[in-house]
Each structure stands twice: as structure tokens, then as C-alpha cells.
Novice: 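My questions all concern the structure below.
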Number of protein chains: 2
Amino acid sequence: MAETTKIARNSGVAVWRQIADEIRREIKHGHFKRGEKLPPEMTLAARFGVNRHTVRSAIAALTQEGVLRAEQGRGTFIANAKRLTYPISKRTRMSTSLAEQITQQERVILSHRIEKPSAEVAHALQLSDENAQVHYFETLSIADGQPVSMSDSWFDQQRFPQFDEFYKASGSVTKALKQSGVEDYFRKSTLISAQHANGQDLLHLKLTPGAIVLTAQSVNVDTNGVPVEYSATRFAADRMEFSIESMSLNEE
Amino acid sequence: MAETTKIARNSGVAVWRQIADEIRREIKHGHFKRGEKLPPEMTLAARFGVNRHTVRSAIAALTQEGVLRAEQGRGTFIANAKRLTYPISKRTRMSTSLAEQITQQERVILSHRIEKPSAEVAHALQLSDENAQVHYFETLSIADGQPVSMSDSWFDQQRFPQFDEFYKASGSVTKALKQSGVEDYFRKSTLISAQHANGQDLLHLKLTPGAIVLTAQSVNVDTNGVPVEYSATRFAADRMEFSIESMSLNEE
DNA sequence: TTAAATTTGTCCGTATGTATC
DNA sequence: TGATACATACGGACAAATTTA
């Protein structure tokens with residue numbers, strides 16, 4: 001309650017930054033529990049003896065760091081930290097890889113359409129036919145009620161004409177591919193990058209502006225080495241990390 | 001010059017967001033070259049018919065996305081995009097993996113000390129001795145004059161007592177390990193995550209607040225499977241991506 | 001069910017500081 | 001040294017979302 005914290009004016013360090021540092025320190029030292037509400041902006045402004053906007057700058061910085069999460073009308077909350085681990089291995093299956101870490105998971109197909117592949121997709125799926133068509137799916141993965149990833153995936157429509165029916169019926173890529181005649185498949189290559197969340201990500205993954213998404217672009221192939229799926233999945237970076245066990249990785 | 005762009009007030013979309021979207025669009029459509037200076041805030045404010053602070057909000061959002069880069073006293077510049085690809089494979093060597101993509105590279109040892117391993121480091125290096133000591137190195141990697149990664153790495157000091165001398169002399173982990181009796185070594189596991197850059201990152205990697213770092217924590221083992229190096233490397237996410245070729249990855 | 005209060009979000013305006021040219 | 005341009009901080013007003021009475 002008391003204005004115990006000293007804010008140094010004209011010290012070379014911006015006031016908003018000092019406030020952010022202090023709030024971060026207090027969270028770290030357990031003054032707040034995860035999920036708990038931070039005092040309102042006006043209260044903090046009074047406590048630190050600054051304008052509300054200065055507090056807002058500090059909160060904005062901490063939000064961006066992933067330390068806080070603000071919700072209009074409700075308040076500002078202490079974000080929780082722990083990440084799920086997603087193993088990237090030859091036989092990674094979305095549905096089984098997280099099973100041990102969570103109690104409940106769900107996959108929602110947001111949209112599906114048949115389209116002409118972009119150059120990127122055609123190259124990944126090795127489609128040389130001028131008239132090639134692909135199934136395009138946009139899916140959302142939810143673990144324990146919280147969205148963790150959004151995925152764009154493409155499948156050869158000529159080779160798998162009924163794939164969409166199978167996929168929609170079973171909700172499983174593995175099952176749909178099996179019904180389409182692909183007994184088994186493997187992850188061939190994965191490209192990992194990170195960028196800021198875009199509008200779509202913010203909406204579906206329930207992120208705040210400034211949040212980070214970890215992107216994995218992967219090509220899955222059948223037992224003959226022919227690509228069957230190309231996908232680009234965007235994970236909420238504060239909820240997920242990737243692990244690669246490479247004792248039998250390629251030499252090169 | 002003319003105020004051609006329409007800003008819709010009370011449209012449900014914040015004005016600063018509309019301006020950010022418009023500037024992003026113009027950059028994407030080539031209205032500006034990479035490295036070129038954006039018009040001053042006041043000019044943009046006049047063009048869009050808004051207050052300077054509203055333009056600042058838009059610029060802040062784009063800075064955070066990595067689209068722009070503001071420098072006090074100089075101006076705001078269009079950031080450049082293209083990423084280097086870092087292959088994560090069983091025999092990845094920092095010094096050789098990027099050789100084809102860049103013309104010049106350098107590695108600087110920022111600091112070295114002998115310390116007691118943290119629980120995390122002891123576990124990774126499988127050091128059970130109570131009195132274990134490790135070499136700790138902080139290094140900076142530079143490609144074509146631009147910093148790309150910062151690394152913390154640890155080596156068993158008891159097993160490799162002269163490692164620091166060898167490393168400092170050769171500047172190569174591979175050579176220093178060889179001189180220490182390790183003929184060959186392999187990447188055993190890698191953990192990848194992404195977070196916002198901290199103060200150290202901002203300084204050494206020359207990033208702006210809000211920038212993203214891609215983190216790879218990896219354990220390297222000798223031919224007997226005994227850990228020889230544990231490292232945590234932070235890459236500037238806008239300059240690097242990871243690739244994993246997994247035709248011979250683990251089954252599990 | 002409604003209305004008021006609370007809390008965060010947006011936008012404007014002004015003043016001053018700091019860094020660069 | 002002065003002009004330019006970004007950074008910080010203050011103040012006020014209203015909007016939007018949620019919770020409380």
C-alpha cells in the first residue's frame with residue numbers, strides 16, 4: 001500500500017522501465033501468484049507517484065515479455081509460464097506426442113477447401129502437374145482447453161480424392177491417410193523459425209499483440225519417400241518448446 | 001504526399017492499427033526499399049490526419065514485428081528480412097554449417113570463467129561429483145559483420161583442464177576438444193524455444209526491444225555417449241531459422 | 001434484467017529530454 | 001550551434017468490455 005518503491009527521476013533510466021523492473025521483480029519474488037490480478041493501473045500509478053500512462057508503458061513492456069496479460073474490462077493478470085514439449089522425431093504424431101503432458105486435447109478443423117497449390121506447396125509436395133489440385137486445411141489444436149497451435153496443411157487432391165471426408169470423419173491425419181491407402185508415413189524435413197503473431201494468430205491462439213509464434217514447416221513422406229503432407233504450424237511460443245533427440249540423426 | 005489513405009474512425013479497428021497495416025502494406029508493395037528511412041512521425045501524422053502519438057503506436061507495433069527499426073535522433077528505417085538457415089543435425093558444427101550462406105564469419109569469446117555447475121548444467125553434463133567444476137564461456141557469433149547469435153556453453157573442467165587455453169588459442173570448440181582427447185563428438189539432444197530478447201541480447205545482438213530470440217539448448221556427447229558440452233545459444237530470430245532433415249531420426 | 005461502477009484501450013494535446021546531423 | 005527527430009512523461013476525454021449492485 002505504502003509508496004515504498006523509489007522511482008528515480010532524471011536518472012538516465014526511464015520511469016516506465018523502473019516500474020516494469022520493479023513489478024517483474026515482485027512477481028519473481030512471489031508477491032503475486034500466477035493467474036492473479038495485478039492492481040488496477042490507477043492504483044499502481046498512485047503507488048509509484050506517476051501518471052497512469054506511465055504505468056501503462058511499463059505494463060505494455062511486461063505484456064510483450066509475456067510476464068503479464070491484460071484484458072479489457074477485467075484487469076491485468078500474471079501470465080503463467082510452463083511450456084509443453086513437442087518432440088520433433090521421425091514418427092511424430094500430433095495426437096500422441098503431447099498425450100503424456102496434458103489430460104485432454106482436441107483438434108478443430110477451421111476450414112477446408114480444394115485449391116491450386118502455390119509454388120511453395122507444389123515444390124514441397126513435388127507436384128509437377130500444371131493442373132494439380134490440393135486439399136487445404138486450417139486447423140486449431142487445443143490442449144486442456146487452451147489453444148496451442150494453428151496449422152495450415154496441404155495434401156495432394158488427385159492422389160487422395162476422398163481425404164477431406166476421411167479427415168473430417170475421424171479428425172485424424174493418420175487415420176485419413178490410412179483410409180487413403182498410406183499405411184505409414186514419416187517426417188522428412190522441418191524448418192523452424194519464430195516471428196510475431198499476426199492477426200489470425202492473436203484471434204485463434206488467444207494471444208496479445210507482441211506475442212511470439214514458433215513456426216514449424218514440415219514435409220511428411222510415405223514409405224516410398226513420396227511427400228503426402230506439407231504443413232506449416234504456428235505454436236504459441238509461451239506455451240510450447242520443441243525437442244529433438246538426434247542420436248540417429250543424419251550425418252550431414 | 002496527398003492524404004490518399006482513408007482512416008476509418010469509430011470502425012471498431014483502432015486508428016493506430018489501420019495505420020500500421022497501411023505502412024506494412026506499402027513496405028510489402030515496395031513503396032520503400034530495405035534500409036530506407038520512413039518519413040518522420042510528424043509527416044506521417046499529417047498525412048494520416050492523426051496525432052503524432054497515434055503514428056508512434058503504429059510504428060511501435062511494426063518495430064515489434066521486426067518490420068521497422070527506430071533510431072533516436074536519426075529516424076525510422078525499414079528492416080531487412082532474409083534469414084540464414086542453421087541445420088540441426090548429428091554432426092552440426094557452428095563454424096561449418098553456415099559457410100555456404102555467408103562470406104565471412106567470426107566468433108568472439110566474450111568471457112570465460114571456471115565455476116560450480118548449476119543443477120541444470122550438472123544434469124546436462126551428467127556431473128554427479130559434489131566438487132565438480134566447469135568451464136563457462138560466453139561467445140558471440142558474427143556473420144558478414146552482423147551478430148547472429150550469443151552462446152553460453154559449459155565443459156567439464158576436471159576432464160578438460162586445459163580446454164580454455166586450447167579454445168582461446170584456436171577459437172574452435174572442435175579443435176579444442178580434439179586437443180583435449182575427444183576425437184569426435186555428436187549432438188545428442190536439442191531443445192528449441194523462443195522468447196523476447198533480454199538486455200544482454202539487445203546489446204550484443206544489436207536488437208531493439210520487443211525483438212525475438214530463438215533459443216537452442218543442446219548437449220554434445222563423445223563417441224562413448226558421454227556429454228562433453230552443454231550450450232544454450234540465442235539467435236536473433238529475424239536473422240536465423242533452423243532446419244532438421246530427419247530421414248534417419250529416432251523412431252520414438 | 002438493468003444500471004452503475006470498474007478497468008483497460010484509444011486518442012488527443014503539450015512539454016521537455018536526448019541523440020544525431 | 002541550431003535544426004531535426006525520436007523518447008519520455010504528463011494531463012484530459014471518451015470508448016469498450018466486464019463485473020458488481
Side-chain angles (χ1 to χ4, degrees), chain A residues 5-23 32 35-64 67-79 199 202-203 206-211, chain B residues 7-23 32 35-64 67-79 199 202 206-210:
Chain A
T5 318
K6 298 166 281 295
I7 297 297
R9 321 292 292 216
N10 308 317
S11 66
V13 181
V15 173
W16 68 262
R17 194 174 288 273
Q18 295 180 55
I19 294 173
D21 289 345
E22 173 59 19
I23 293 175
F32 302 100
E36 195 179 318
K37 200 156 81 170
L38 200 73
E41 294 170 352
M42 285 304 290
T43 308
L44 289 171
R47 179 188 148 190
F48 289 109
V50 301
N51 188 273
R52 171 176 167 240
H53 291 300
T54 307
V55 170
R56 279 181 65 75
S57 293
I59 290 176
L62 293 173
T63 299
Q64 185 184 80
V67 176
L68 297 177
R69 172 177 45 84
E71 294 181 32
Q72 186 174 109
R74 303 225 314 141
T76 304
F77 302 85
I78 283 76
L202 298 182
L203 182 67
K206 292 183 184 167
L207 299 172
T208 50
Chain B
I7 297 297
R9 321 295 288 218
N10 308 316
S11 65
V13 180
V15 173
W16 68 263
R17 194 174 288 276
Q18 295 181 53
I19 293 173
D21 290 344
E22 173 59 20
I23 293 176
F32 302 99
E36 193 178 321
K37 199 156 81 171
L38 202 71
E41 294 172 351
M42 285 303 291
T43 308
L44 289 171
R47 177 188 147 189
F48 289 109
V50 299
N51 187 275
R52 174 171 160 255
H53 288 303
T54 307
V55 170
R56 277 180 66 75
S57 294
I59 290 177
L62 293 173
T63 299
Q64 188 183 75
V67 176
L68 297 178
R69 174 176 42 85
E71 293 181 32
Q72 191 172 3
R74 296 197 56 203
T76 304
F77 302 86
I78 284 77
L202 298 183
K206 293 182 185 168
L207 300 173
T208 50

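Chain letters run A, B, ... following the sequence lines, proteins first, then strands; residues in each count from 1.
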Novice: Find which nucleotide of DNA chain C each of B:V13 and A:T76 is nearest to by heavy atoms, and output the residue with the more 5' nucleotide.
Specialist: A:T76
Novice: Is there a side-chain contact between B:K37 and B:T76 (heavy atoms, below 4.5 Å)?
Specialist: no
Novice: How many angstroms lie between atom CD1 of A:I7 and atom CD of A:E22, to the nearest 0.5 angstrom?
Specialist: 7.5 Å
Novice: Hey, does the side chain of B:Q18 reach the backbone of B:A8 with a donor-acceptor pair shorter than 3.5 angstrom?
Specialist: yes
Novice: Quick check on DNA chain D: between B:E71 and A:W16, whose nearest nucleotide comes earlier from the 5' end?
Specialist: B:E71
Novice: Go through the structure and list residues passing side-chain contact (heavy atoms from CB on, under 4.5 Å) with A:E71, not counting sequence neighbours.
Specialist: A:R69, A:R74, A:F77
Novice: Quick check: does any side chain N or O of B:T63 sit under 3.5 Å from a backbone N or O of B:I59, one acting as donor and the other as acceptor?
Specialist: yes
Novice: I need a per-nucleotide contact map over nucleotides 15-21 of chain C, read 5' to 3'. Cutoff is protein heavy atoms under 4.0 Å; write B for the base, S for backbone only, - otherwise.
Specialist: --BBBSS
Novice: If you look at every strand shown and take non-hydrogen atoms under 4.0 Å, does B:S57 touch a base, only sugar-phosphate, or nothing?
Specialist: nothing
Novice: Counting the atoms with a prime plus P, OP1 and OP2 as sugar-phosphate, which does A:R9 contact under 4.0 Å by heavy atoms, base, sugar-phosphate, or nothing?
Specialist: sugar-phosphate
Novice: With heavy atoms of chain B within less than 4.0 Å as the criterion, where does contact along DNA chain D begin and end?
Specialist: D:dA5 to D:dA9
Novice: With heavy-atom distances below 4.5 Å as the criterion, would you say the side chains of B:I23 and B:L62 are in contact?
Specialist: yes
Novice: How long is the span from the CG atom in A:N51 to the CE atom in A:M42, to the nearest 0.5 Å?
Specialist: 8.0 Å
Novice: Would you mind telling me which of A:V15, A:I19, A:V13 makes a side-chain contact (heavy atoms from CB on, under 4.5 Å) with A:R17?
Specialist: A:V13
Novice: Kindly say if B:N51 contacts the phosphate of C:dC11, meaning a side-chain N or O under 4.0 Å from OP1 or OP2.
Specialist: no
